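Report on the structure given below.
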2 protein chains.
Amino acid sequence: MTATEDVTHQPVRVNLLFNDRAVRVPYGVTLFDAASWNGIAIDSTCGGHGTCKKCRVRIAADPPAPTSLDIRAYTPAELAAGWRLACRTAAAADTAVEVPPLTTRPKAATVGVGRQVILRPAVQKRYLELAEPSLADQASDLERLLARLDDLQPRAELPVLQTLGRTLRESGYKVTAVVTDDVLIAVEPGDTTGRRFGIAFDLGTTTVVATLLDLATGTPVAVASALNKQQPFGADVITRISATMLDPGALDKLRQLAQETLAELARAVCAAGRVGPHEVYEVALAGNATMTHLALGIDPEPLGVAPFILSARLFPEVLAADLGLAGAVHPRARAVVFPAFGAYVGGDITAGLLASGMDRDPRVRLLIDIGTNCEIVLGNRDWLLATAAPAGPAFEGAAIRCGMRAADGAIEVVTMTRDGLSLKVIGDAEPQGLCGSGLVDAVTGLVRVGLLDPSGRFVPQQQARARAPGLADRLTQVGEERVFVLHWRGAAADSIYLSQRDVRELQFAKAAIATGWRILLEQAGLEPGDVRQVLLAGSFGSYLSPASAIRIGLVPRVPVTRVVPAGNVAGEGAKMALLSLRERVGALALLEEVRYVELSDRADFNDRFVDQLPFPEG
Amino acid sequence: MTATEDVTHQPVRVNLLFNDRAVRVPYGVTLFDAASWNGIAIDSTCGGHGTCKKCRVRIAADPPAPTSLDIRAYTPAELAAGWRLACRTAAAADTAVEVPPLTTRPKAATVGVGRQVILRPAVQKRYLELAEPSLADQASDLERLLARLDDLQPRAELPVLQTLGRTLRESGYKVTAVVTDDVLIAVEPGDTTGRRFGIAFDLGTTTVVATLLDLATGTPVAVASALNKQQPFGADVITRISATMLDPGALDKLRQLAQETLAELARAVCAAGRVGPHEVYEVALAGNATMTHLALGIDPEPLGVAPFILSARLFPEVLAADLGLAGAVHPRARAVVFPAFGAYVGGDITAGLLASGMDRDPRVRLLIDIGTNCEIVLGNRDWLLATAAPAGPAFEGAAIRCGMRAADGAIEVVTMTRDGLSLKVIGDAEPQGLCGSGLVDAVTGLVRVGLLDPSGRFVPQQQARARAPGLADRLTQVGEERVFVLHWRGAAADSIYLSQRDVRELQFAKAAIATGWRILLEQAGLEPGDVRQVLLAGSFGSYLSPASAIRIGLVPRVPVTRVVPAGNVAGEGAKMALLSLRERVGALALLEEVRYVELSDRADFNDRFVDQLPFPEG
């Protein structure tokens, strides 16, 4: 099968015209979803469940056969005129759709890579003043309540029922119903409709970030990050999987450590945002497959050995409590866990793709999410290819002698000429170490001035003096190893330096990444220059200089303005899932649209990897 | 509104002809359900979920429009010939339905009041030999498994996923999937298809009964019963509800005691039947509304005070673990909790109705379930009326001086003439006390020989000697109270006797019950003689002499052969729910068909109750 053939295996798409706005969507999605994904608002209170009957649209020419719900929602004359429920009508052909003006103005928020998202969170609240029961009206407490939620038709949970009677009677039958998607998770006394929150987690192998969101406004209320407490079990996913294979108790310990990390962050953002834990009704979790498996207590062993098998692409319904958040958020809060494409293209990249909007953009774009494991996606709205490259912990600073995370004191920018160098340090503090972006800058600079040869070896001292007289003194030894001192602190061994081994770590990482995107380009029959935009994601990507990234060969050789730092796209995707039920469905749809390219079974992978080890010359 | 008008508020019914068998069913039920309820077997592996596409039937004349599933299941020629999926076709008009012969012979079991039930338990097992994954086949573990269950399309639960990888690999990909209704609750190594069990609980206010069922054959494997451990909190539902109102900790204690009772019985039947707890995948619970609320930890207060409100008629999804059975059965076993019609016509009567088949019988029948709370249902397949009468604990022996449960040593039959009496004792043991049926017999006998006057008072000694010379010596005093000694053990106070107060307790109980069924008859515009069958249910009903029940006025005055002991109908209904998914759905349908008649808001209730206190003369 050739690359060109692969790419033609794309889902069929149809063209829709919403009033005057043309969009192109996958065949078979509902008009409601199609509109939502493209930022076109259609009235709805139920969020597309077919229960509120408010999403009225008109298809004047060739309307499809009405569904049974259409027949209940419209008069025969309206049906004949083409009125349909947008949430029940599939986009099966090119169609012009008339959308009536909204009766209420929808709120929207900007999240992800400049994405405008219409707020339609899964968490809804309704303030209800119910009629008191009497001998003439003996409807049960639950039926009485649900009768007023008939546009949502939620199912109730046992714990809600356990206290419903008391809540209704003590509040004088004035209560707020809390519905998450299709579940009634709480009934609160009085009117609490002003308060509903969610927490988006980016569960990284090294770093975990939590963002507390006000679901009514889309505003981030507080953000916190922490090191993943699993770190003592190893810096990357493979060492953590190995731990579970060696010690039968390790899986439980790793689960517990991940869950403690999440719970501590949840408590931190709630405290910072002055939000009660019981006001957080939903969380979203984006993490790579291994992190997600471990956090859910799922045996990760099959992820770690060929043929690299996920327990599930799509996870079963998960509660926040299943993630160890029982006390840190509402006890019946739901958890949205992002599905994975493959063992090494996990939920973090699904979330990142959602945030990037690559599946709706006509331009060919390349998303590289740089972390301990590096995920790479190439494509546009018609096709998407994904793969994963084991970059190792170089970019998180873990395997680098003087490495550190991108925190206060980290050297994040290194500018070098043959006469000297200058550093930029995060927080304008005294330098404490070197973070990923500083590492790339330093290596790029050393290659450019000629202190590193293209193979990645420090040149002999004599050659160094000739090429960069202002820097040559910094090229010295610590023990047996040659190093380049970036910031003197007395002896070389006590200084902040870059070692020969550090350079090797970076070489391996960038070779793995470059091999990944080169194989994707080849599969798509494209050249590096065809890429219209490179999104550099991950906390590392935000600090990385695009020029350095191009120079070192980490990204394709494209004009520097095409390389865009995209921030923490996994975390942004998790936020989008909390703010919009439609975007959440969109993330699931991605699973069907992205083709996962496995690198480990390619006979030519090692050769290609070796080809990518040298630094580009000139 | 007159009674006659009420009864015409019945659901519309349609006539179906399955091959040569005519049945009448509620409008709108599926042909599959209609056939199942009437013991007509149609092929199916999914049990009517629309997934297996095996329930082929043909409607030659006027077939309804095919559904989207029909279109996928049949060729255009078959559709034109009237072939439809029985589980997707509603009975919307009188229809002749051709049912092909079965490809496999369905098993059936006799349960309930002589009901023949086709075995179609919610719990299904499938033995699967899966292909091992490879780099060319990287389907996730869960997708690999679910692909082989595509006729059931279950959703998986997180705990199954946590161990799925290990189970698959350790068993060489030879596993048994356990599906309960639409949930994959377990994946077991190897072939365990021969072992699947369920436990049916009858949770009474006084007595709790558990039956362990082999779901593959419908055979009861073991039965056990025990006193409800809640008894120290009061003999009847009202005292237990009061306890929760007085003591904030009582609800939790009562929940715990009910759950301990259930768990001990579950362990007992599993031990007796040599069945492992993990082989019990589902339980069913039939109990009155208060018992059900308490066992689920739901605040029962609104049940105990006017206007007597249920927390819910239909309970949310409940796990056996929610009933405290986590260690006693499979940890993810489901619980079927019978829904209630009203605060005093609970799940026990829903189960009893299911077992009685009253909703499918053309005859007018009366079901009286005698317990601490007494439920009464009157009707036939066209209409059903239900009510509840607070009989008090007389029939359970609790409020009777020498009362005891119907256990070894209990006097269950008393035969009396003016010259003497004879007793029949359970277990042919030395008499220890008097159970409900013995109580009714004794009182009936005393009225007949004239030692009790119709108002329920013992006659003066002189009159007694004249009327029943062989019994008069037994009429004596214990303390201030007049008593009738049934079995001498030295002094009267040490003997087994019936006291004046005992007679009053029974009078109150029978007056409450008789008032109940009289009001129902009146609502239906019927006379007592119109009742073709009286089903006396409850453990008490099994021992009660029909002649005594008629004589004392507990049941309508009908020919004695029309009064039939029906046994523990609540427990039988619970068994039916475990053995047949269709019967379970039938129980839910009953909720819509039965009209609940509230007695406590009737201005004339007290007058009528007083009218029923005297014992019938002659």
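What you see is a predicted model, and the numbers here were worked out from it, not measured in a lab. Sequence lines set the chain letters: A, B, ... in the order given, protein chains first and strands last, and positions in each chain run from 1.
- Atom CD of B:Glu143 is separated from atom OG of A:Ser311 by 10.0 Å, given to the nearest 0.5 angstrom.
- Counting heavy-atom pairs closer than 4.5 Å to chain B, the top residue among A:Ala139, A:Pro133, A:Ala340, A:Pro300 is A:Pro133.
- Shortest non-hydrogen contact noted between A:Pro307 and B:Ser134 is CB-C, 3.3 Å.
- The line from CG of A:Asp141 to CG of B:Leu303 is 9.0 Å long, rounded to the nearest 0.5 Å.
- B:Glu157 places no side-chain N or O within 3.5 Å of a backbone atom of A:Pro316 that could act as its donor or acceptor partner.
- Contact annotation for B:Tyr596: only side-chain heavy atoms (C-beta onward) come within less than 4.5 Å of a heavy atom of chain A.
- Note that CG of B:Leu142 and CZ of A:Arg313 are 11.5 Å apart. Values are rounded to the nearest 0.5 Å.
- Looking at B:Arg169, only its side chain comes within 4.5 Å of chain A, counting heavy atoms on both sides.
- A:Glu301 touches chain B through its side chain: at least one heavy atom from C-beta onward sits under 4.5 Å away, while N, CA, C and O do not.
- Contact tally against chain B (heavy-atom pairs below 4.5 Å) for A:Ala156, A:Gly165, A:Gly297, A:Ala343: the top residue is A:Gly297.
- When heavy atoms are compared at a cutoff of 4.5 Å, A:Arg155 does not approach chain B at all.
- Counting heavy-atom pairs closer than 4.5 Å to chain B, the top-ranked of the candidates A:Leu168, A:Leu296, A:Leu161, A:Leu145 is A:Leu161.
- For the atom pair CG (A:Leu164) and CD1 (B:Ile309), the distance works out to 11.5 Å, reported to the nearest 0.5 Å.
- When each of A:Asp322, A:Ile298, A:Asp299, A:Leu251 is checked for a side-chain contact (heavy atoms from CB on, under 4.5 Å) with B:Gln162, only A:Ile298 meets the rule.
- Neither the backbone nor the side chain of A:Thr163 comes within less than 4.5 Å of any heavy atom in chain B.
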